[in-house]
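Worksheet: the structure to be examined is printed underneath.
Positions are given from 1 along the sequence. Atoms within each ligand, like the ligands themselves, are counted from 1 in listed order. All values derive from a computational prediction rather than experimental measurement.
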Amino acid sequence: MTSVLDRPDEFGRFGEFGGQYAPETLMPALKELTITFEEAWADPAFVDEYRHWLRDFVGRPTPLQHAERLSERLGCEVWLKREDLAHTGAHKINNGIGQALLTERMGKPRLIAETGAGQHGVATATAAAAFGLECTVFMGSVDMERQHLNVVRMELLGCEVVPVETGSATLKDAVSAAMRDWVTTVDSTHYSIGSVVGPHPFPWIVREFQRVIGEETIDQLDGRKPDHVVACVGGGSNAMGIFHPFASTGVDLIGVEAAGEGLDRRHGAAIGGGSPGVLHGSMSMMLQDGDGQVLEAHSISAGLDYPGVGPEHAYFAAEGLARYVSATDEEALFGVELLSRTEGIIPALESAHAIAWVANNKDALHGEMVVICLSGRGDKDVDSIAGLGSAG
Ligand SMILES: *Cc1c(COP(=O)(O)O)cnc(C)c1O
């Protein structure tokens with residue numbers, strides 16, 4: 001039986017969330033993309049080619065590693081799903097490859113994307129280079145500064161990086177700029193969105209391209225069932241990728257949002273500190289004021305610095321299929337240091353939110369088995385961490 005857990009309904013909704021709140025000019029492209037993806041995902045040749053790229057280019061499966069020293073330190077059994085070891089250093093490439101294959105299938109020569117931390121931009125630029133596609137990435141000028149390394153990587157890969165100066169000059173503004181470009185270039189261009197956000201069919205497509213994370217984890221657990229699966233939530237693609245195959249199995253799914261300076265101050269916790277509304281083409285939870293004006297998010301990690309969250313997460317929260325907690329900037333810095341020094345792995349600031357939440361809740365987790373999605377590696381963050389003069 002097909003349920004909303006397999007795919008959204010015909011209007012692209014997960015319960016009351018999701019949908020298509022998009023300009024008329026984009027509706028034909030969204031329709032074309034829905035049909036293309038439906039056909040591609042049911043086509044064994046397409047799925048084979050996607051799997052081939054994941055294996056030989058991305059380096060999948062990524063390991064599920066027992067973090068022994070961290071487990072000893074915290075008193076629970078911690079396993080790390082090592083997305084940081086995927087090519088380009090984060091889970092984003094799983095989606096990047098899938099979207100490039102869709103672009104090719106639609107016969108479009110150009111890919112565009114938005115990026116926050118730069119990881120989705122790098123993943124898109126990488127896939128574009130590997131498939132011989134033209135590539136333009138929109139990035140907030142604030143993010144270009146704090147993620148300079150990734151700007152250089154994208155340019156080396158032959159991609160044009162367009163600075164976005166509007167609003168807070170971060171991820172939300174980059175998404176808006178990419179959507180504005182797409183409205184006028186839709187005949188030749190595919191918009192590869194970087195998370196489980198945006199109008200239908202994007203949240204569904206990106207989840208399907210990321211669910212390999214959870215499927216591999218289940219295989220690698222070899223029949224063992226974890227008590228908890230923990231992942232950081234920005235737009236929510238690494239979290240939905242690992243959560244979805246575990247949904248309805250009785251495993252406690254925990255999404256960790258960015259509490260920034262604290263939930264009573266500036267933060268990025270759309271579920272924990274937001275309310276229902278429409279942002280970037282779908283109905284979900286978001287940060288907004290009493291008049292429905294989008295509020296600026298804040299997180300130390302550019303990848304979690306977004307005032308919205310994917311509609312399927314809003315649905316999971318409303319239905320109690322997962323629970324959503326948060327970790328502050330300061331806790332994330334502690335998480336970076338903890339994993340670096342116990343395991344010899346420098347995590348991305350985003351992933352460090354999940355590490356920090358587990359460490360802070362070690363008493364409640366005592367003796368239990370916890371799988372953490374280590375969504376990416378921290379090389380991109382070392383300059384900004386050093387600039388803070390903290391984390392040792
Ligand atoms: C982009 C990114 C995130 C946040 O995006 P999601 O869609 O919530 O996964 C988290 N971790 C890393 C390493 C990222 O690059």
Going by an N to O cut-off under 4.0 Å, is there a salt bridge joining E114 and K172?
no
Is D305 paired with R146 through a side-chain N to carboxylate O contact shorter than 4.0 Å?
yes
[atom]: nearest protein contact (heavy atom, Å):
atom	result
atom 10 (C) of ligand 1	E350 CB, 3.4 Å
atom 11 (N) of ligand 1	S375 OG, 2.7 Å
atom 7 (O) of ligand 1	S195 OG, 2.6 Å

Test salt bridge (charged side-chain N to carboxylate O under 4.0 Å, His left out), reference R7, set E38, E312, E208, output is E38
Partners meeting side chain to side chain donor-acceptor pair (under 3.5 Å) with S275 (sequence neighbours left out)
Q288
Contact partition for H120 relative to ligand 1, non-hydrogen atoms under 4.0 Å
neither
Logged contact type for E83 with ligand 1, heavy-atom cut-off 4.0 Å, is neither
Going by the atom numbers of ligand 1, which of them fall below 4.0 Å from some non-hydrogen atom of [X]?
X	result
S237	6 (P), 7 (O), 8 (O), 9 (O)
G234	8 (O)
A348	13 (C)
G376	13 (C)
G303	4 (C)

With distance as the sole test, does [X] use its side chain to make a donor-acceptor pair with the main-chain N or O of [Y] at under 3.5 Å?
X	Y	result
E257	G272	yes
D381	A348	no
E83	G376	no
N95	Q210	no

Residues 121-130 side chain polar contacts: donor-acceptor under 3.5 Å, at least two apart:
unit_1	atom_1	unit_2	atom_2	d
T124	OG1	H120	O	2.7
T124	OG1	H120	NE2	3.4
T126	OG1	V122	O	2.6

Non-hydrogen atoms of C232 versus ligand 1: any pair closer than 4.0 Å?
yes
Evaluate [X] for polar contact with ligand 1, using N/O atom pairs at a separation under 3.5 Å.
X	answer
G236	yes
G235	yes
S351	no
A90	no

Step by step, work out the side-chain hydrogen bond (donor to acceptor under 3.5 Å, both in side chains) result for E77 and H66.
CA-CA 8 Å; E77 186 183 337; H66 183 205; 4.7 Å; no
Counting heavy atoms only, name the option from V256, L374, N238 that's nearest to atom 9 (O) of ligand 1.
N238
Heavy atoms only: which of H91, E257, K92, Q119 lies closest to atom 1 (C) of ligand 1?
K92
Hey, mind stepping through D329 and H267 against side-chain hydrogen bond (donor to acceptor under 3.5 Å, both in side chains) and telling me if it holds?
CA-CA 9 Å; D329 289 350; H267 63 82; over 6 Å; no
